[in-house]
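These notes are about the structure you will find just below.
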Number of protein chains: 2
Amino acid sequence: MSAEKPRGAVTASDVAQLAGVSRSAVSRTFTEGASVAPETRERVMQAARDLGYRVNFLARSLKEQRTRLIGLVVSDMDHSLRAHLVDSLGRALVAADYRPFLLPTSRGEDTRRAIDMMLHYNVSGAIVTSDASPQAIAAECARHDVPLVLVNKAEMGGRVANVTQDTEAAGRLAAEALAEAGCRRVVLARQRLPSYTIDLRCDAFAAHLPRLGLKLVATVEGEAQNYAGGQEAGAAFLARRPEADGVYCANDFLALGFMDHLRRRGVSIPDELAIVGCDDIAEAGWDAYDLTTVRQPVEALTQATLQALLTCIADRNARPGLTTIGVDLVRRNSTARS
Amino acid sequence: MSAEKPRGAVTASDVAQLAGVSRSAVSRTFTEGASVAPETRERVMQAARDLGYRVNFLARSLKEQRTRLIGLVVSDMDHSLRAHLVDSLGRALVAADYRPFLLPTSRGEDTRRAIDMMLHYNVSGAIVTSDASPQAIAAECARHDVPLVLVNKAEMGGRVANVTQDTEAAGRLAAEALAEAGCRRVVLARQRLPSYTIDLRCDAFAAHLPRLGLKLVATVEGEAQNYAGGQEAGAAFLARRPEADGVYCANDFLALGFMDHLRRRGVSIPDELAIVGCDDIAEAGWDAYDLTTVRQPVEALTQATLQALLTCIADRNARPGLTTIGVDLVRRNSTARS
DNA sequence: TCAAGGCTTGCACACGAGTGCAACACCCAT
DNA sequence: ATGGGTGTTGCACTCGTGTGCAAGCCTTGA
């Protein structure tokens, strides 16, 4: 329909030429709140439409000294809760007119590279929900004055903005659910890989047992917080055969693997053994498991994270500290004693 | 340790000043293959280290006219295969020195916005693995000369680069698996929402039935390709009670919901009914399901996608057309007839 | 009619970096 | 000693955009 520029993108100068105005007028047309005559603006808009012009955000960012890019450092996307969170955060960022810049990491290794990238691109802020130890990221972000929010990484305490589930309540609710199911002797199943969040959940769980008249008779472990890890923990459980009537699995994936392993060996759930998980991933609600678990509200985490980030961006000296997101118990069949 | 710049990032000029050289020398130090004396380079590197300098990629991109940003347009990240793919693609891109720019979309709606963003940022290329109809994206990318690869979106044929699973083989393998299990009368379970990939799978499945002596006695549907959709399809199946001994579910999530629904109503799998799924998501391998399914190799998809993208970027006129990724059957318990 | 004031507009500089060109230093061979 | 060649360096321009400043126009009031 219109003359196509053969090479390179169309710039504000091209639009200016076609509209018969100066480049400044074009720039002002696309700048919120700038002073342009309505008639000029319309002519510029028309020319821009004809040429398919779009403001070059790289150039704009360079001039304005802020990119509206947000580094999204994330590991273990195969954990469905993580994937859900990334999806949710991505949408929320876009809705707030920011752009998510994805930085996938493995445990620890690529972290340095991810930080490097963020600084190379002058991100306006960063969200870290990675298993990588956040100290390095936090230090580097602080040094370069990049607003940072950690999600579910409580170990940094209040020194950086931190949004985290209420791990204390998570452990407490799990203990109460087992007590409610009539358990007396319980087992803790968890991953071997270090995780501060998991540690806190487990500590809280253990701390509330005496008050409820429960006794912790064993702790079994699987390597990671996934299905295979749950199977391992299940095998460890059967190997030790502790006299127990309830198990707290500090993570849902682990719980599902644990359940499957025990059921295949003939253990009846919930009749012989009640199980409580943590996270409420979609799979926990499936008929085959119907797992009682502590729900981690992803949408609330997202909103709080965005809120904290925007606060930090608006005021470079703001220290939102720790935001705790409430969790609640989802009662299902795995603790339903007749 | 070193003087900290109070405001703003440290630039090449700062480094130049500290090292006692011109800004050009700094630029050349960080440019591959530029001519710098070893001693000068070392002095520059030292100064850069002291100041924590990093090349500003926005400025570099502006000058070099390519950003090395890749738009990653993706919907339905809560589908675990999608999440896995995004993770895998993200890592592959970073490994190839590109940067993934995440553009989450819902079905169709945000697509225009996603395209807009990509063009605003002058992305070097785009990967689309979204349920949104890709025509709009393809047209706009072509107009602005942005290399584009569609993943599992066969409907554009060979006109744009396209990496897709072998849907024909997927359907065929599923049919063969049911035949192998001794089935004679089979049912097709699928989603109601339109999807070209799913259509192709189902067509291929149906096409191979006669050759194998199988008869398609019914088609049942659920709304979406998820667990709930499978439950719906299961309910539809029981409502019609077709005389059937095998079911092909065109998607694993659907298959799992279908299995759970039928089992809860007392149907025995695989004895009364054999089930075959498609995708081989992690959950399909769990003990509770142990689903025979057609594996979609994510890693191969990723590599082929990256390959096609790099080809398009290297040669703007290249038309890699359609790349088909082989699939294979994973035999498990859901088709194991005694 | 003239002056004052408000709205638009264009010029020119800035953001941070890459690079062609010419000047320069240095080394070696003649 | 001199010429030529090689390897470094700095100047100045460029990428596409935002914006302070001053000049210009138009409107309004006296």
Side-chain angles (χ1 to χ4, degrees), chain A residues 5 7-45 47-48 51-69 118-124 144-145, chain B residues 5 7-45 47-48 51-69 118-124 144-145:
Chain A
K5 291 279 291 185
R7 288 310 302 152
V10 27
T11 77
S13 299
D14 302 327
V15 177
Q17 191 166 359
L18 179 59
V21 297
S22 79
R23 199 179 52 70
S24 304
V26 177
S27 176
R28 283 191 249 264
T29 297
F30 290 97
T31 303
E32 199 83 22
S35 165
V36 200
E39 192 229 2
T40 306
R41 149 171 265 119
E42 193 43 54
R43 218 167 54 226
V44 169
M45 292 298 258
L51 268 52
Y53 169 75
R54 276 166 178 92
V55 176
N56 184 327
F57 277 9
L58 270 70
R60 173 181 279 182
S61 297
L62 185 58
K63 189 66 181 69
E64 299 201 331
Q65 302 284 59
R66 67 200 171 121
T67 58
R68 302 192 77 87
L69 287 172
M118 299 201 310
L119 295 172
H120 273 302
Y121 276 95
N122 263 2
V123 295
S124 292
H144 290 85
D145 209 25
Chain B
K5 293 278 292 185
R7 287 308 304 153
V10 26
T11 77
S13 299
D14 302 327
V15 177
Q17 191 166 0
L18 179 59
V21 297
S22 80
R23 201 180 51 69
S24 305
V26 177
S27 177
R28 284 192 248 264
T29 297
F30 290 98
T31 303
E32 199 82 21
S35 164
V36 200
E39 192 229 3
T40 306
R41 149 170 267 119
E42 193 42 55
R43 218 166 54 225
V44 169
M45 292 298 260
L51 267 53
Y53 169 76
R54 277 168 178 91
V55 176
N56 183 329
F57 277 9
L58 272 68
R60 173 181 279 183
S61 296
L62 185 57
K63 188 68 181 69
E64 299 202 330
Q65 303 283 57
R66 66 200 170 120
T67 58
R68 302 192 77 87
L69 287 172
M118 298 201 309
L119 295 173
H120 273 303
Y121 276 95
N122 264 359
V123 295
S124 292
H144 290 86
D145 209 25

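Just so it is clear, the values below take in all heavy atoms, side chains as well, and ignore hydrogens, waters and symmetry mates. So you know, we letter chains A, B, ... as the sequences are listed, proteins then strands, and number each from 1. If you're wondering where the values come from, they're calculated on a predicted model, not measured in any experiment.
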CA sep, side-chain torsions, deciding dist, call: A/Asn122, A/Leu69, side-chain contact (heavy atoms from CB on, under 4.5 Å) = CA-CA 8 Å; A/Asn122 263 2; A/Leu69 287 172; over 6 Å; no
Of B/Pro38 and B/Ala59, whose closest DNA chain D nucleotide lies nearer the 5' terminus?
->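 Going by which nucleotide is closer to the 5' end, it is B/Pro38.
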Residue mapping more 5' on DNA chain D - nearest nucleotide basis, B/Lys63 or B/Ala37 |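 Its nucleotide being nearer the 5' end, the pick is B/Ala37.
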Contact residues, residues 22-29 of chain A to DNA chain D [heavy atom, < 4.0 Å] =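 Hits under 4.0 Å, by residue number: A/Arg23, A/Ser24, A/Ser27, A/Arg28.
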Contact check, side chains of [X] and [Y], non-hydrogen atoms, under 4.5 Å:
| X | Y | result |
| --- | --- | --- |
| B/Asn56 | B/Thr11 | no |
| B/Phe30 | B/Met45 | yes |
| B/Arg54 | A/His144 | yes |

Please report the distance, rounded to the nearest Å, between [atom1] in [X] and [atom2] in [N].
| X | N | atom1 | atom2 | value |
| --- | --- | --- | --- | --- |
| B/Gln17 | C/dG16 | CD | P | 14 Å |
| B/Phe57 | C/dG16 | CZ | P | 16 Å |
| A/Tyr53 | D/dG16 | OH | P | 10 Å |
| B/Gln65 | D/dC15 | CD | C1' | 6 Å |
| B/Glu64 | C/dG16 | CD | C1' | 13 Å |
| B/Leu58 | C/dG18 | CG | P | 12 Å |
| B/Tyr121 | D/dT17 | OH | P | 13 Å |
| B/His120 | D/dT17 | NE2 | P | 11 Å |

With a 4.0 Å cut-off on heavy atoms, is [X] in touch with a base, just the backbone sugar-phosphate, or nothing at all?
| X | result |
| --- | --- |
| B/Arg41 | nothing |
| B/Thr40 | sugar-phosphate |
| A/Ser35 | base |

A/Leu62 side chain, from C-beta outward: closest of D/dG18, C/dA17, C/dC15 =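 Per side-chain heavy atoms of A/Leu62, the pick is C/dC15.
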Taking the side chain of A/Val36 as its heavy atoms from C-beta onward, which of C/dT9, C/dT19, D/dT19 lies nearest to it?
->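 Of C/dT9, C/dT19, D/dT19, C/dT9 is nearest to the side chain of A/Val36.
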Distance-minimising heavy-atom pair for A/Ala48 and A/Val15 |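 That closest heavy-atom pairing would be N-CG1, 3.9 Å.
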A/His120 vs B/Phe57 aromatic rings, parallel, tilted or perpendicular, using cut-offs 30° and 60°?
->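 Because their plane-to-plane angle is under 30°, the rings of A/His120 and B/Phe57 count as parallel.
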Could you tell me whether a side-chain N or O of A/Arg43 sits under 3.5 Å from a main-chain N or O of A/Ala19, the two making a donor and an acceptor?
->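 Between the backbone of A/Ala19 and the side chain of A/Arg43 there is a qualifying donor-acceptor contact (under 3.5 Å).
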